[in-house]
Trainee: 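Sharing a structure with you now.
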There are 2 protein chains.
Amino acid sequence: MIDVRMLCLAALMGHEASGYDIKKELEKGGSTGLVDASFGSIYPALARLAEDGLITARTEGGRGRTGKTIYAITAEGRAHFLKTLSGPIPEEKYRSPFLFAMLFADELPRERVRVMIDQQIAQWEEKIAAVEASRAAGPGGAGASFVFGFGEATLRAGLEFLKRHRRAVEMGARDAAPPAPTQYRAGDRPDAMTEPAAAAALRTP
Amino acid sequence: MIDVRMLCLAALMGHEASGYDIKKELEKGGSTGLVDASFGSIYPALARLAEDGLITARTEGGRGRTGKTIYAITAEGRAHFLKTLSGPIPEEKYRSPFLFAMLFADELPRERVRVMIDQQIAQWEEKIAAVEASRAAGPGGAGASFVFGFGEATLRAGLEFLKRHRRAVEMGARDAAPPAPTQYRAGDRPDAMTEPAAAAALRTP
DNA sequence: GCCCCGCTATATCGAACCGAAATATGGGCG
DNA sequence: CGCCCATATTTCGGTTCGATATAGCGGGGC
């Protein structure tokens with residue numbers, strides 16, 4: 001299981017850090033978007049890890065308000081981390097609000113769909129650039145190189161597919177103005193023929 | 001924002017359904033893994049949607065314990081759904097425990113890495129088959145076709161990349177037995193030279 | 001010199017969501 | 001007949017998010 005505690009241990013596998021450091025490394029680190037966690041979960045996680053002896057805490061600076069608490073992983077922490085990593089692997093999850101919206105592109109105004117696609121293209125191009133920067137930054141082990149390469153390969157494949165097929169999606173979108181959904185009179189249930197194809201897509205086995 | 005309420009509305013865009021139906025459609029529907037929600041969030045979401053007049057509730061069967069409550073989307077519900085879909089699109093999230101583990105492949109026993117990769121290949125091949133089945137099942141609108149095509153394209157790209165580069169990852173893995181992490185004597189902090197490359201990967205800008 | 005802004009750094013808290021168990025019932029199957 | 005499975009919903013503890021509060025410190029602009 002990959003909870004916030006595991007993410008913290010992962011970050012600390014390399015070097016000691018404060019909670020703030022960990023947050024930034026997670027959100028700006030290699031393969032951005034692969035991992036993340038909020039402060040609201042990182043700090044409690046670090047406290048529990050310290051309790052369990054998987055990490056040690058050291059305060060640096062006045063500790064009134066300024067000054068930080070720096071954590072370092074212990075030998076038990078390393079062992080626990082690698083042991084958990086070797087355990088059962090839960091299923092991956094890909095949550096894409098963009099793709100979700102595209103499922104209903106046929107019901108959305110064409111202009112809006114166009115903008116969404118443009119934004120998505122820009123976002124993916126940014127991510128590809130970030131991954132390439134990470135790859136160029138350091139040699140990294142075989143595992144890290146693989147993850148970077150994987151990210152780049154899939155991002156490129158998705159980007160290319162989007163560029164090649166965006167026209168079809170845009171053509172399928174609503175010609176007219178803002179959200180003008182298929183309307184049914186009260187008591188009128190849509191049957192198989194009138195059902196929007198997008199909703200059917202959610203259901204097909 | 002795509003919360004559970006939006007997922008319920010999406011499912012109801014096509015046809016009326018019970019909470020149980022919605023759950024199954026989400027987890028088995030097209031592009032499996034794109035969306036999901038638990039019962040513990042679906043039922044409260046449906047109750048709130050009914051309160052807000054975005055869906056209507058109808059009980060079917062005895063309603064003692066047997067019998068279900070069937071929900072149907074209203075005109076306001078449709079309008080609300082499409083309007084929200086047209087709103088700002090949050091960033092996508094890809095959480096892959098497998099890739100996360102691969103980041104640290106260099107610290108894991110080779111045999112374990114091999115098994116993980118085998119499982120991942122099998123999982124992706126299953127998903128590709130599922131997407132193809134969905135695609136073949138019905139024509140679907142332009143949007144849905146695009147999403148299916150996208151899923152297939154990226155899955156294939158990832159699968160191919162994994163098959164082509166798995167050997168490098170396996171070679172980088174620990175030759176020896178179970179989790180034998182790099183050990184540091186107490187008080188011995190790893191510096192840039194001894195830092196595991198995987199952890200560096202999390203940090204690289 | 002002063003003020004405002006942004007970065008560092010941590011804490012807090014309500015809301016959302018998950019995941020698993022509990023409950024109840026009807027149907028298939030050996 | 002008994003058992004397991006599918007349907008259908010509720011409940012609940014635990015995790016995580018996301019936003020807000022607090023506070024010192026360094027730098028840019030005027």
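Residue numbering restarts at 1 for every chain, and letters A, B, ... go by the order of the sequence lines. What you see below is based on every heavy atom in this structure, not just the backbone, and it leaves out hydrogens, waters and symmetry mates. Just so we're clear, the structure is a prediction, and the values are computed from it rather than from any experiment.
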Trainee: Could you walk me through whether A:D36 and B:R95 pass side chain to side chain contact (heavy atoms under 4.5 Å, CB included), step by step?
Mentor: CA-CA 9 Å; A:D36 199 14; B:R95 292 299 124 90; 4.1 Å; yes

Trainee: Rounding to 10°, can you tell me the angle the first-five-pair axis of the helix from C:dG1-D:dC30 to C:dG30-D:dC1 makes with its last-five-pair axis?
Mentor: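 Rounded to the nearest 10 degrees, the bend comes out at 30°.
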
Trainee: Would a line drawn from the ring center of B:F150 to the ring center of A:W124 be shorter than 6.0 Å?
Mentor: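 Yes; A:W124 has its ring centre under 6.0 Å from that of B:F150.
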
Trainee: Whole-Å distance between D:dA23 C1' and A:K68 NZ?
Mentor: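 It is 16 Å, rounded to the nearest whole Å.
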
Trainee: For D:dT7, does OP1 or OP2 lie under 4.0 Å from any side-chain N or O of B:S18?
Mentor: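 Answer is no, no contact under 4.0 Å.
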
Trainee: Send over the distance from A:K23 NZ to C:dT8 P, rounded to a whole Å.
Mentor: 13 Å

Trainee: CG of B:D3 versus C1' of C:dC18: gap in Å, rounded?
Mentor: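 It works out to 15 Å between those atoms.
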
Trainee: Could you walk me through whether A:K127 and B:E92 pass the side chain to side chain contact (heavy atoms under 4.5 Å, CB included) check?
Mentor: CA-CA 12 Å; A:K127 281 196 185 176; B:E92 60 185 359; 3.6 Å; yes

Trainee: Measure CD/B:E27 against P/C:dC18 and give the value in whole Å, please.
Mentor: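 It is 12 Å, rounded to the nearest whole Å.
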
Trainee: According to side-chain contact (heavy atoms from CB on, under 4.5 Å), who are the partners of A:Y43, at least two apart in sequence or on a separate chain?
Mentor: A:Y20, A:F39

Trainee: Partners of B:R48 by salt bridge (Lys or Arg N to Asp or Glu O under 4.0 Å), sequence neighbours excluded?
Mentor: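 Per chain and number, B:R48 pairs via salt bridge (Lys or Arg N to Asp or Glu O under 4.0 Å) with no residue.
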
Trainee: Mind checking if B:R48 touches a base, just sugar-phosphate, or nothing, with heavy atoms under 4.0 Å?
Mentor: sugar-phosphate

Trainee: Quickly work out the B:R58 CZ to D:dA8 P distance and round it to whole Å.
Mentor: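 Taking CZ of B:R58 and P of D:dA8, I get 12 Å after rounding.
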
Trainee: For B:R166, which residues count as a salt bridge (Lys or Arg N to Asp or Glu O under 4.0 Å) partner, sequence neighbours excluded?
Mentor: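 In terms of salt bridge (Lys or Arg N to Asp or Glu O under 4.0 Å), with neighbours along the sequence ignored, B:R166 is linked to B:D118, B:E170.
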
Trainee: Can you confirm whether the side chains of B:E25 and B:H15 place a donor and an acceptor under 3.5 Å from each other?
Mentor: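 Yes, side-chain donor-acceptor contact under 3.5 Å.
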
Trainee: Tell me which residues in residues 36-45 of chain A lie within less than 4.0 Å of DNA chain C, going by non-hydrogen atoms.
Mentor: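 Per residue number, the list reads A:F39, A:G40, A:Y43.
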
Trainee: Closer than 4.0 Å, any side-chain N/O of A:Y20 to the OP1 or OP2 of C:dT8?
Mentor: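 So the side chain of A:Y20 is within the cut-off, an N or O lying under 4.0 Å from OP1 or OP2 of C:dT8.
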
Trainee: A:I22 has an atom CD1; how far is it from atom C1' of C:dT8, in whole Å?
Mentor: 15 Å

Trainee: Remember a base hit wins even if backbone is also touched, and classify A:K24 as base, sugar-phosphate or nothing at under 4.0 Å, heavy atoms.
Mentor: sugar-phosphate

Trainee: Show your working on side chain to side chain contact (heavy atoms under 4.5 Å, CB included) between A:L159 and A:Q120 and close with a plain yes or no.
Mentor: CA-CA 9 Å; A:L159 182 59; A:Q120 193 64 23; over 6 Å; no

Trainee: The criterion is salt bridge (Lys or Arg N to Asp or Glu O under 4.0 Å); which residues satisfy it with A:K163, sequence neighbours excluded?
Mentor: A:E125

Trainee: Measure the distance from CE on A:M6 to C1' on D:dT15 and round it to the nearest whole Å.
Mentor: 16 Å

Trainee: Using only side-chain N and O atoms of B:T69, determine if any of them is under 4.0 Å from OP1 or OP2 of D:dT9.
Mentor: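 Yes, within the criterion.
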
Trainee: Which residue lies toward the 5' end of DNA chain D, B:D21 or B:R95, if each is placed at its nearest nucleotide?
Mentor: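 Between the two, 5'-proximity favours B:D21.
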
Trainee: What is the separation between atom CE on A:M1 and atom P on C:dA20, rounded to the nearest whole Å?
Mentor: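 Result: 10 Å.
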
